[in-house]
Amino acid sequence: MTESVRVRFAPSPTGYLHLGGARTALFNWLFARQHGGVFILRIEDTDIQRSSEQMVQGILEGMRWLGLDADEGPFFQSWFVEQHRAAARKLVEEGKAYYDFTPKEQTDDRTLKAKIVDRARAQSRAGKEPNPFRDLPLEESLRRVEAGESAAIRLKVPEQGLSRFEDDVYGAQERDYSDIEDLVLIRSDGHPLYNLSVVVDDIEMRITHVIRGQDHLTNTHKQVLIYQALNAPVPRFAHLPLIMAPGREKLSKRKHGEVVSVTTYRDRGFVPDALVNFLALLGWSPGSDQEIISRAELIEKFSLEAVNKSSAIFNFNEKDPRDWTDPKALWMNGEYIRAMPLDELLPLVGDQLKQFGLWRDEYESTSREWLARTIEVLRARYRTTQDFATLGRPYFSDEFEYDPEAVRKNLKDERLKDLLAGLANRLASLADFTHNAAESALRAYAEEQGVKPGLLINAARTALTGQAVGPGMFEIMVILGRDRTIERIRRGAAHTGTL
RNA sequence: GCCGCUAUGGUGUAAGUGGUUAACACGCCGCCCUCUCAAGGCGGAGAGUACGGGUUCGAGUCCCGUUAGCGGUACCA
């Protein structure tokens, strides 16, 4: 009987779901789906001080939006603290771990990192000193603990030999036991520590493949030791290369803020499938030239063996508001907006229109066709669904700004004041206000007046939308309808020469 | 300091077991289309594969060294 695949995503709720975490979740999810396995969500909330309910909700929200549904969970690691303690006690009884009565060192986390390095440096220079409590007889240890003396529990790490495991991404891994210190399993205040907790939980949840960030690669040796001490089967491990910020900096929630938060992408108009597609290509490739890959194909083609070993840079530019995130991510999102069925795009655009106060109830009834057509016309030039509400505002509202640059370019000609007024009259007298009728009328009028049609077309576009760019001008007229077209052209005539 | 991981254009990636001028996508530039901007089509610039040594008829691919970046080194996760 072959044990079916069971994987988990185990974020700690000390911040929102960021892109690195999302990609880890995605790869776990893809792996599970591909193997018909189980994807488990476990929130590692044992760091009570830094965890918060709000962050938990944020993570859940992000995963739901991305469509990474868990088959089991969410479980909370804090539920299993007693089991973690019991496991440690068992190891002490079996002589595989011991009570360490060394008083706890005070650490202020200001200079924490430096302290760790200092200590490690001193140790590597002078050599490790054996822990005096490592071989204390069990009876004596228990007596002292019962007497109320506080002690941490440490794992006995072999003094000699080599730890090995095979990583599904990084290959064979080795580490000398002498480089691993007797790690603390349970703090002297009874609080179980990370390495113990994950292992006990992963055993309990019968995890078969641990897929997580590469920052855990070297610590995996410690965890393997705990599995062995607990007589539990060691799962397979696969570590994922890290995602870095420009300049090869670590991607940090604190430093890089919203660009790395999944919810930002939802709020700013990303299509979930597009972000999933983009994330999948960060550190993995199907081995072909294919860039646009559907979720179903991702499930089919994904493999841990094809995951890259080197870290990838997520290339956003904090200064440019138009290119607020990785240009390739924006391009890809545009591809999805262009290619996806209109029925699926409609509600996403609708959400943005609502967010910007541009929604009208008739878009769901009498104007549904109009909305669909308008989105169809606009989608070729937008990269996020939010663009419909910002760049596309003139199509949904009469209140919009005239871009000074566009006015200067298209409405500065003095003759336009009369020409536009004349054009408005011509359009008003049209029997049928259609694309072709409007175009014929405009071209005929231009010829009569001895001007190039382009002059009137570009002027009209700016009069109608305040912009110098946009869809074909007669498309715009049809979208706006006769009344608004005429009104805006007259309004535009007033703008001529204002700048 | 010690241990480990990594290294292909600006970015993301290709280049089965070493085999012709290192490929694709994004971005950038130009042309076509055209009433503008996109989209689309076509083309261009941009790396000789971090550096230095080997092995080999032949190395981005194998080996060694160096450098750089990253990770770990905690009674954090």
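Numbered from 1 within each chain, the chains take letters A, B, ... in sequence-line order.
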Just to be sure I understand the rule, does [X] reach a base, reach only the sugar-phosphate, or reach nothing, if contact means heavy atoms closer than 4.0 Å?
X	value
A/Pro103	base
A/Gly283	sugar-phosphate
A/Ser310	sugar-phosphate
A/Ala312	sugar-phosphate
A/Thr102	base
A/Tyr194	base
A/Glu44	sugar-phosphate
A/Gln173	sugar-phosphate
A/Lys452	nothing
A/Pro453	nothing
A/Arg212	nothing
A/Pro471	base
A/Ile313	sugar-phosphate
A/Glu335	sugar-phosphate

Between [N] atom [atom2] and [X] atom [atom1], what is the distance in whole Å?
X	N	atom1	atom2	result
A/Tyr445	B/C35	OH	C1'	17 Å
A/Phe165	B/C5	CZ	C1'	11 Å
A/Phe278	B/U11	CZ	P	13 Å

For [N] versus [M], give the span between their [atom1] atoms, rounded off to a whole number of Å.
N	M	atom1	result
B/C63	B/C26	C1'	36 Å
B/G9	B/C51	P	10 Å
B/G60	B/A50	C1'	12 Å
B/G12	B/C75	C1'	42 Å
B/G58	B/U20	C1'	11 Å
B/C32	B/A38	P	15 Å
B/G41	B/U49	C1'	32 Å
B/A22	B/G18	C1'	14 Å

Do A/Arg144's NZ or CZ and the ring of A/Phe101 fall within the cation-pi criteria of under 6.0 Å and 45°?
yes

Cation-aromatic face contact A/Arg383/A/Trp331, 6.0 Å, 45 degrees
no

Among the nucleotides [options], which one has an atom lying closest to any side-chain atom of [X]?
X	options	answer
A/Leu193	B/G40, B/G71, B/C75	B/C75
A/Asn195	B/U11, B/A77, B/A25	B/A77
A/Glu291	B/C26, B/G12, B/C75	B/G12
A/Asp179	B/A25, B/C3, B/U6	B/C3
A/Leu282	B/C3, B/G12, B/U11	B/G12
A/Leu217	B/G12, B/C5, B/A74	B/C5
A/Leu242	B/C70, B/A77, B/C37	B/C70
A/Asn458	B/G27, B/A77, B/U36	B/U36

Does a side chain donor of either A/Asn131 or A/Asp100 reach within less than 3.5 Å of an acceptor in the other side chain?
yes

Looking only at side-chain N and O atoms, does A/Asp45 offer a donor or acceptor that is under 3.5 Å from a partner on A/Ser78?
yes

Which residue, A/Glu181 or A/Tyr382, contacts RNA chain B at a nucleotide closer to its 5' end, judged by nearest heavy atom?
A/Tyr382

Comparing A/Ser285 with A/Asp176, nearest RNA chain B nucleotide closer to 5' gives the residue A/Asp176

A/His239/A/Tyr170 aromatic ring centres below 6.0 Å
no

For [N], give the paired nucleotide (Watson-Crick: N1-N3 plus N6-O4 or O6-N4; G-U: N1-O2 and O6-N3; both under 3.5 Å), or none.
N	value
B/U36	none
B/A15	none
B/A7	B/U67
B/C28	B/G44
B/A77	none
B/C2	B/G72

Mind telling me whether A/Phe302 and A/Trp284 have parallel, tilted or perpendicular rings, with 30° and 60° as the class edges?
tilted

For the residue pair A/Phe316 and A/His256, categorise the inter-ring angle as parallel (less than 30°), tilted (30 to 60°) or perpendicular (more than 60°).
perpendicular

Establish, with yes or no, whether the OP1 or OP2 oxygen of [N] is under 4.0 angstrom from a side-chain nitrogen or oxygen of [X].
X	N	value
A/Asn219	B/U73	yes
A/Thr218	B/C3	no
A/Arg187	B/C76	yes
A/Arg461	B/C37	no
A/Arg248	B/A7	no
A/Asn308	B/A14	yes
A/Arg119	B/U73	no

Working to the nearest 0.5 angstrom, can you tell me the gap between A/Gln83 CD and A/Ile203 CD1?
11.0 Å

Checking one value: the base orientation of B/G53, syn if chi is within 90 degrees of 0, otherwise anti.
anti

So, are A/Glu376 and A/Arg373 salt-bridged, with charged N and O less than 4.0 Å apart?
no

Which of A/His191, A/His84, A/Gln77 passes side-chain hydrogen bond (donor to acceptor under 3.5 Å, both in side chains) with A/Ser197? It is A/His84

Using the rule for Phe, Tyr, His and the six-membered ring of Trp, do A/His221 and B/G4 stack at under 5.5 Å and under 30°?
no

